[in-house]
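Data first, discussion second: the structure below is written as C-alpha cells.
Note that these values count all heavy atoms, side chains included, but never hydrogens, waters or copies made by symmetry. Only a predicted model underlies this, so the values are computations on that prediction, with no experimental measurement involved.
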Amino acid sequence: MKILLVTDAYSHLMNGVAMVVSTLAESYRNMGHDVRVLTISGDCESHCEDGVYYLPSYNVPIYPDFRISLAHGHPYLKMLKKWKPDIVHIHSEASASILAKSVAKATNSPIIMTWHTDYAKFAFHKYHSLKAVEFVAKNLMKLAYHGACIITVPSYKAKTLLDGYKVKFPSTIIPNGISLDRFYREVTDEQKKELRAKYNIPENRKIFVVLSRLSPEKNISEILEYFPDLLKYDRDLHLLIAGTGPDTEHLKNYASKLGINDHVTFVGFVQPESTYLYYKLGTAFLSASTFEMHSLTYLEAMACGLPLICREDLCLKGVLDDGFNGYIYNTKDEFIRKALSVAVDDELQQKMSKNALERSELFGNEAFAKNMINLYHNVLYVKNKRRKKSSCAS
C-alpha cells in the first residue's frame, strides 16, 4: 500500500505529533508498505531525505516555532501526485494539510485525518469553554477537516471533545503507540551515577521526572508550586525537568523565587533516543497538565517502569488507574500525600513500577500501526464498493 503521512511538525519541531508520525512511518515500512512523509522545513529551503519531503516554510509570529508553507506549485507535490498514494493520512490542520489535500484531490485518494490537539484550549487556556470560543472552534474544525473520510482520535477524551463540536464526520478511537524497544532497555548503576554527577544531583535523592514541552498549557508551574511543601516532609527529593519551550525562563525564575533551586534541575532538550536514560533516573513521573489528548510521555514513562502521578483528566482513561500504576490527584494535599507515599515506600514504588510496565504493553507501535492499517483497508473497501456501484448504475 502507498501511504502518504502528513504533518507540519517533524524534524524542525520534534513534538508528540512528530513522534507519532515517525513511529507510524517506521512501523509501516517494517510491514512492507511504501511510505512517504510530507512536511515543512524549519527554514525557507526545501529538501528530500529518506522518503520525507520538506517544503519551504516561513515563520508566523502567532506562536513560537509556528511556521507555514505557501509552496502550492512545488515540484515535490507534483512528484507525489505522480506517485499516486492509496491513502493520505493527515496529522495537521495547518499548511501541510492544505497542500496534502491538493495531492489527494488530484489522485482521488481517500483522506484520513487524526486530531491531536485541542486548539481552543491551546489558544485560549481557561477561556476555552466560552460560547464564542466554542463557536469559532467548531467552525474552524469543520473547515480544517473538510474532505476527510474519517477522523481518528487517540483517546476517549478526544472523542468526547470532538463529539461536543458536532463535527459531522465519522470518527473512531485509535490510541497512540510507541516503539517499546526504545524504552525496554537496561540502564546500569554506573550510567545513572554519571548522569547524576553531570547535573550535580546527590546520590541519596529520589528523583521525580517531568518530560514535556515547557509551555504554559502544560501547567508545570503547579508542580513547582507544590514542591516546597513536599520538601517539608522529605528533603531528599529532587525534581528533574527535561524539555524546552517558551515557558523555560519563567519556570526557572519561579523555581528561584520559591527557593528550591537546589532541588530542581532543568536539563533542557533531550534527544529522543536518549530520553529513556532520564526516565530511568526517576522514582515517578509527574504531570499537572489537563491539556493532553493522549500524551506519549505517559506511555514512555510507563515503559521505563515509572509510576505516574498526574492531575485528573479524561485523557488518562485506560492509561492510569489510581492506585495501580500510579496516582491521580485533584488537590495540593492529594499531590503531596500520593507523591510522598511513592517516594518513601520502596515496596509500593516497585509494585507500581511493575504495573506500569505491564500497562505499557497495551501501547506498542505494532498494535498501533496494525489498527491504522485495518482502518485504511476499510476505507479503501468502501471507496471501491462505491465506485463499483456507481459504475453499475451508469
Side-chain angles (χ1 to χ4, degrees), residues 9 12-16 59-66 117-118 121-128 195-202 204-272 274-275 277-279 281-292 295 297-298 301 306 308-311 313 329-336 338-340 343:
H12 81 283
L13 184 58
M14 186 52 73
N15 59 15
N59 180 255
V60 178
I62 298 173
Y63 189 79
D65 302 321
F66 183 76
T117 305
D118 181 1
K121 194 166 187 179
F122 179 75
F124 295 97
H125 303 293
K126 63 182 179 180
Y127 303 109
H128 70 279
L195 264 183
R196 282 179 177 267
K198 179 179 179 179
Y199 297 108
N200 297 312
I201 302 174
N204 63 313
R205 289 190 182 172
K206 293 188 175 179
I207 298 172
F208 290 103
V209 176
V210 172
L211 197 148
S212 171
R213 175 171 169 78
L214 306 189
S215 49
E217 69 273 5
K218 301 296 187 176
N219 199 27
I220 298 167
S221 57
E222 178 175 281
I223 294 172
L224 290 173
E225 178 189 343
Y226 291 175
F227 214 72
D229 288 300
L230 196 57
L231 292 172
K232 289 178 183 177
Y233 294 94
D234 190 340
R235 297 294 297 177
D236 290 331
L237 301 178
H238 202 90
L239 183 60
L240 186 149
I241 300 176
T244 58
D247 220 21
T248 300
E249 290 307 311
H250 165 71
L251 293 172
K252 288 181 177 179
N253 292 335
Y254 191 40
S256 180
K257 180 181 178 181
L258 292 169
I260 56 175
N261 278 343
D262 290 343
H263 292 266
V264 180
T265 298
F266 290 86
V267 303
F269 176 73
V270 178
Q271 293 291 342
S274 300
T275 52
L277 292 168
Y278 293 81
Y279 284 123
L281 273 183
T283 294
F285 176 84
L286 305 181
S287 175
S289 176
T290 56
F291 171 74
E292 314 304 323
S295 176
T297 57
Y298 299 159
L306 285 190
L308 309 179
I309 301 174
C310 303
R311 176 167 278 284
D313 190 65
Y329 75 90
N330 285 288
T331 66
K332 182 179 181 179
D333 287 344
E334 280 187 346
F335 173 85
I336 292 170
K338 291 180 174 182
L340 194 64

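- Proximity of Leu239 to Leu286: side-chain heavy atoms (C-beta onward) are separated by under 4.5 Å at one or more points.
- Here OG of Ser215 is found 7.5 Å from CZ of Phe291. Values are rounded to the nearest 0.5 Å.
- Leu251 CG to Phe266 CZ: the interatomic distance, rounded to the nearest 0.5 Å, is 5.5 Å.
- A salt bridge is defined here as a Lys NZ or Arg NE, NH1 or NH2 lying under 4.0 Å from an Asp or Glu carboxylate O, and Glu225 with Lys332 fails to meet this definition.
- Within the 4.5 Å cutoff, the side chain of Ser212 has no heavy atoms near those of the Thr297 side chain.
- Electrostatic pairing of Asp236 and Lys206 does not count as a salt bridge here, judged by no charged N lying under 4.0 Å from a carboxylate O.
- Considering every non-hydrogen atom in both Ala301 and Leu308, the closest pair reads CB-CD2, 3.8 Å.
- Listed here is the closest heavy atom pair of Arg213 and Lys218: O-CG, 3.1 Å.
- At a threshold of 4.5 Å between non-hydrogen side-chain atoms, the residues Leu214 and Ile241 count as touching.
- Here CG of Asn261 is found 4.5 Å from OG of Ser256. Values are rounded to the nearest 0.5 Å.
- Each of Asp229, Leu231, Thr331 was checked for a side-chain contact (heavy atoms from CB on, under 4.5 Å) with Ile336, and the lone residue meeting it is Asp229.
- A donor-acceptor pair under 3.5 Å links the side-chain atoms of Thr275 to the main chain of Pro272, judged by distance alone.
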Self-check item: Working for side-chain contact (heavy atoms from CB on, under 4.5 Å), residues Ile309 and Tyr329
Solution: CA-CA 7 Å; Ile309 301 174; Tyr329 75 90; 4.2 Å; yes
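- The shortest side-chain heavy-atom distance between Asn219 and Thr290 does not fall under the 4.5 Å cut-off.
- Rounding to the nearest 0.5 Å gives a distance of 14.0 Å between CG of Leu230 and NZ of Lys338.
- Counting heavy atoms from C-beta on, the side chains of Arg311 and Phe335 never come closer than 4.5 Å.
- Taking the six-membered ring where the residue is Trp, Tyr279 and Phe285 present tilted rings, their angle falling between 30° and 60°.
- With a 4.5 Å cut-off on side-chain heavy atoms, Phe227 and Leu258 do not count as touching.
- Between the OG1 atom in Thr265 and the CG atom in Asp262 there is a gap of 9.5 Å [rounded to 0.5 Å].
- Using a 4.5 Å heavy-atom threshold, the side chains of Phe208 and Leu240 count as separate.
- Heavy-atom neighbours of Tyr199 OH from other residues, nucleotides or ligands within 6.0 Å: above the threshold of 12.
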Quiz prompt | Stepwise side-chain contact (heavy atoms from CB on, under 4.5 Å) test for His263 and Arg235 | solution = CA-CA 9 Å; His263 292 266; Arg235 297 294 297 177; 3.2 Å; yes
Quiz item: What do the steps show when you test Leu195 against Leu277 for side-chain contact (heavy atoms from CB on, under 4.5 Å), and what is the final call?
Solution: CA-CA 8 Å; Leu195 264 183; Leu277 292 168; 3.9 Å; yes
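- Within the model, atoms NE2 of His250 and CD1 of Ile220 stand 10.0 Å from one another, a figure rounded to the nearest 0.5 Å.
- Between Ala242 and Val270, the shortest heavy-atom contact is CB-CG2, 3.9 Å.
- Taking both residues in full, the closest heavy atoms of Leu306 and Ala284 are given as CD2-N, 3.9 Å, listed atom of the first, atom of the second, then distance.
- Between the side chains of Ser289 and Ser287, no donor-acceptor pair is found at a separation under 3.5 Å.
- Pairing each heavy atom of Thr244 with each of Phe269, the nearest pair is CG2-N, 3.4 Å.
- Closest approach of Ala343 and Leu237 over heavy atoms only: CB-CD2, 3.7 Å.
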